[in-house]
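Everything on this sheet refers to the single structure shown next.
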Amino acid sequence: MRVRFAPSPTGHLHVGNARTALFNWLLARGQGGTFILRIEDTDRERSTKESEQAIVDDLRWMGLQWDEGVEVGGNYGPYRQTERLKNYADHAARLIAEGKGYYCFCSAEALDAQRKAQLAASLPPKYAGTCRNMSPADAAVRRANGEPAVIRLRVPDSREVAFTDVVRGLVTFHTDVIGDPVLVRSDGIPAYNFAVVIDDEEMKVTHVIRGEDHISNTPRQILLYEAFGYTPPAFAHLSLVMGPDHAPLSKRHGATSVREFREKGYLPEALVNYLALIGWSPGHNEELLPADELARRFRLENVAHSAGIFDEDKLAWANRHYLKLCAPDRLAQLAEPYLRVRGQIVGALSDAGRAWLEHVLPGMAASVDRLPQLADRLEAVFLEPGAPLENEPGLPEVAAALAAELADGLRLVDKDTFRAVAGRVKDRTRLKGKGLFHPIRVILTGAAEGPELDLIVPAIDRAADLHDAGLAAVASCQERATLAAKMLA
RNA sequence: GUCCCCGUCGUCCAGAGGCCCAGGACGUGGCCCUUUCAAGGCUAAAACACGGGUUCGAAUCCCGUCGGGGACGCCA
């Protein structure tokens with residue numbers, strides 16, 4: 001089994017395309033097949049090297065490594081269409097020689113006018129066949145005169161073209177609704193329908209898995225396979241991913257590209273897992289599974305027929321799950337850039353600084369949706385000394401008691417020490433429960449809400465004793481308490 | 001306009017003629033946990049688009065209607 005993902009490098013990797021890539025990958029991985037990455041860069045106006053690089057990077061980020069293709073090579077390359085021009089030219093010549101293709105001299109303007117007129121008359125827009133019956137000799141003369149021409153496929157009249165879609169079943173088209181498609185543009189660059197067929201054939205692709213928007217291209221491609229005498233691969237068309245308003249997922253719905261989700265702080269395994277759940281189910285009422293297990297269970301036959309709506313809430317849920325599974329060192333690595341933009345990390349991180357992060361982050365990650373929110377949870381650590389405190393009953397008494405308890409420089413470096421001190425503050429103030437802990441929270445963290453005190457308090461005092469760790473300045477609990485006691489006195 | 005695809009809770013899926021007065025998950029409500037906000041646990045409400053068939057029996061098969069999407073390009 002050989003499958004391929006064949007993006008055109010004309011922009012970022014859209015999550016819909018990412019899902020197509022994923023389904024190809026799942027199938028190949030699950031069945032021991034080969035996953036190919038081919039770049040369809042025949043649109044010279046819009047294709048860019050930057051887009052190609054971005055797509056390649058995003059696929060790698062998602063962990064969808066390909067076995068053959070751009071950057072990794074393989075036995076059926078090159079894997080970039082603009083590097084395969086010779087292959088297309090040979091095939092085009094063959095079609096012309098056999099009369100299965102013909103030159104068309106109609107100008108783009110003329111075709112455009114024709115199309116508009118047909119639409120206005122409520123007719124299906126379709127190439128009228130103006131040049132269809134021109135003799136090869138006439139065509140040769142006009143070409144010799146330097147007239148620009150495209151090559152079109154001669155679509156047979158009054159025939160059915162059918163294929164069995166692996167996800168949908170039998171799909172039938174009538175050739176009368178298909179206009180002769182352009183195979184080769186006037187500049188000699190192949191058009192999509194032509195290049196895919198040749199490449200899929202030459203790369204020995206066995207299963208073409210792509211978006212539903214390609215379903216109406218399929219009969220044209222099948223006709224081409226027939227013209228060449230090739231056996232068509234199996235086709236599987238995936239339904240599209242829509243926005244909450246059932247319109248195609250676009251920027252006005254928010255993030256649409258893999259890159260954006262990555263920057264928003266989603267983990268690749270969460271995106272992958274969530275995307276797999278749109279239009280497919282691993283079964284057994286299970287949803288959150290590692291990619292290799294998804295691959296093991298994946299069957300094209302079980303893919304849903306109807307469009308799916310992208311639900312960021314559910315993505316966030318998956319992300320929460322994977323954030324909790326994330327190893328401390330990776331978590332620290334992932335969080336670092338977000339902490340840096342917030343000014344929480346200011347220099348090169350020392351080993352001690354990194355150790356501090358790895359110690360404190362997992363606790364914070366347990367209650368957060370996305371990476372940047374880790375910085376929100378850490379805000380309390382980097383509280384500006386003397387910053388205004390939220391009002392809370394009992395503040396002056398508790399501040400005084402806390403300051404007294406910490407006066408000898410005791411550091412609340414772990415949960416037990418903190419609890420012991422809290423207990424003595426309790427004795428001094430005779431406050432308890434919320435009446436005690438709320439003021440402590442406000443004095444030490446500045447706010448009435450935030451991470452658990454058992455987590456955040458030790459994090460503060462451990463960081464306060466770190467020097468040249470790369471972290472922003474951290475005031476110790478002692479400093480906080482004495483300052484607060486003074487302010488509130 | 002023509003052709004093609006699709007139609008189970010708000011959303012994503014399960015369901016391949018009786019196991020379904022329809023199951024799970026996200027979200028929503030409630031309760032619990034709790035020194036806060038969350039997180040977590042439990043729980044509730046919530047759907048077979050409509051109309052005809054076929055059948056002893058239909059969410060499951062057929063037809064039609066309606067609704068949604070896609071395609072009709074020298075874009076892919």
Side-chain angles (χ1 to χ4, degrees), chain A residues 6-10 40-43 45-47 104 106-108 111-112 115 118-127 148-152 165 167-168 171-174 176-179 181-187 189-193 195-196 210-219 237 239-240 242 244 246-248 274 277-288 301-302 304-318 320 324 364-369 373 376-377 392 422 432-442 445 447-454:
Chain A
S8 63
T10 54
E40 310 218 324
D41 56 350
T42 54
D43 183 341
E45 314 272 89
R46 295 189 297 154
S47 296
C104 168
C106 297
S107 70
L111 292 169
D112 207 50
R115 198 162 20 245
Q118 285 165 331
L119 244 12
S122 289
L123 290 167
K126 179 188 153 184
Y127 174 62
V150 301
I151 296 175
R152 289 183 185 270
D165 191 291
V167 344
R168 285 153 213 281
V171 178
T172 310
F173 286 85
H174 201 89
D176 291 350
V177 304
I178 304 172
V182 169
L183 268 21
V184 181
R185 297 174 239 244
S186 50
D187 62 0
I189 302 294
Y192 168 72
N193 282 116
V196 247
R210 66 216 327 186
E212 192 184 35
D213 48 338
H214 284 296
I215 186 158
S216 54
N217 281 321
T218 309
H237 290 95
S239 55
L240 273 17
M242 315 291 257
H246 292 83
Y274 172 65
L277 261 21
I278 305 179
W280 179 70
S281 159
H284 309 301
N285 284 336
E286 294 175 291
E287 302 195 293
L288 266 8
E301 292 76 6
N302 297 336
H305 302 180
S306 52
I309 285 162
F310 192 91
D311 178 5
E312 193 164 345
D313 282 336
K314 193 154 183 177
L315 204 213
W317 164 72
R320 235 148 40 214
K324 282 172 192 153
M364 305 291 136
S367 62
V368 115
D369 281 350
Q373 294 166 352
D376 298 340
R377 302 301 271 182
E392 182 71 34
K432 58 179 180 175
K434 290 186 185 186
L436 172 66
F437 284 96
H438 278 219
I440 291 180
R441 169 179 293 283
V442 171
T445 74
E449 59 185 55
E452 281 174 52
L453 288 174
D454 286 347

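Computed from a prediction, not measured in an experiment: that's the story for all the values here. The figures here come from the full heavy-atom set of this structure, side chains too, leaving out hydrogens, waters and symmetry mates.
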Subject >> Any donor-acceptor N/O pair under 3.5 Å between B:rA76 base and A:Asn217 side chain >> reply: yes
Subject >> hbond_proxy A:Arg168 side chain to B:rC4 base (donor-acceptor, 3.5 Å cutoff) >> reply: no
Original post:
What nucleic acid atoms does A:Gly279 come within less than 4.0 Å of, heavy atoms only: base, sugar-phosphate, or nothing?
Top reply: sugar-phosphate
Original post:
Is there a donor on the side chain of A:Glu287 or the base of B:rG24 sitting less than 3.5 Å from an acceptor on the other?
Top reply: yes
Original post:
Of the nucleotides B:rU11, B:rA71, B:rA38, which has the atom closest to the A:Glu452 side chain?
Top reply: B:rA38
Original post:
Mapping A:Phe437 and A:Pro124 onto RNA chain B by nearest heavy atom, which one lands closer to the 5' end?
Top reply: A:Pro124
**OP:** Identify which nucleotide among B:rC6, B:rU11, B:rC4 has an atom closest to any side-chain atom of A:His305, counting heavy atoms from C-beta outward.
**Re:** B:rC6
Original post:
When only distance counts, do a donor and an acceptor, one from the side chain of A:Ser186 and one from the base of B:rC74, lie under 3.5 Å apart?
Top reply: yes
Subject >> Non-hydrogen side-chain atoms of A:Phe310 and A:Leu315 separated by less than 4.5 Å >> reply: yes
Original post:
Is A:Arg441 side chain donor-acceptor paired with the B:rU36 base, going by distance under 3.5 Å alone?
Top reply: yes
Original post:
Could a donor-acceptor pair under 3.5 angstrom be found where the side chain of A:Lys314 meets the base of B:rA25?
Top reply: yes
Original post:
Between A:Arg115 and A:Glu449, who's closer to the 5' end of RNA chain B by nearest nucleotide?
Top reply: A:Glu449
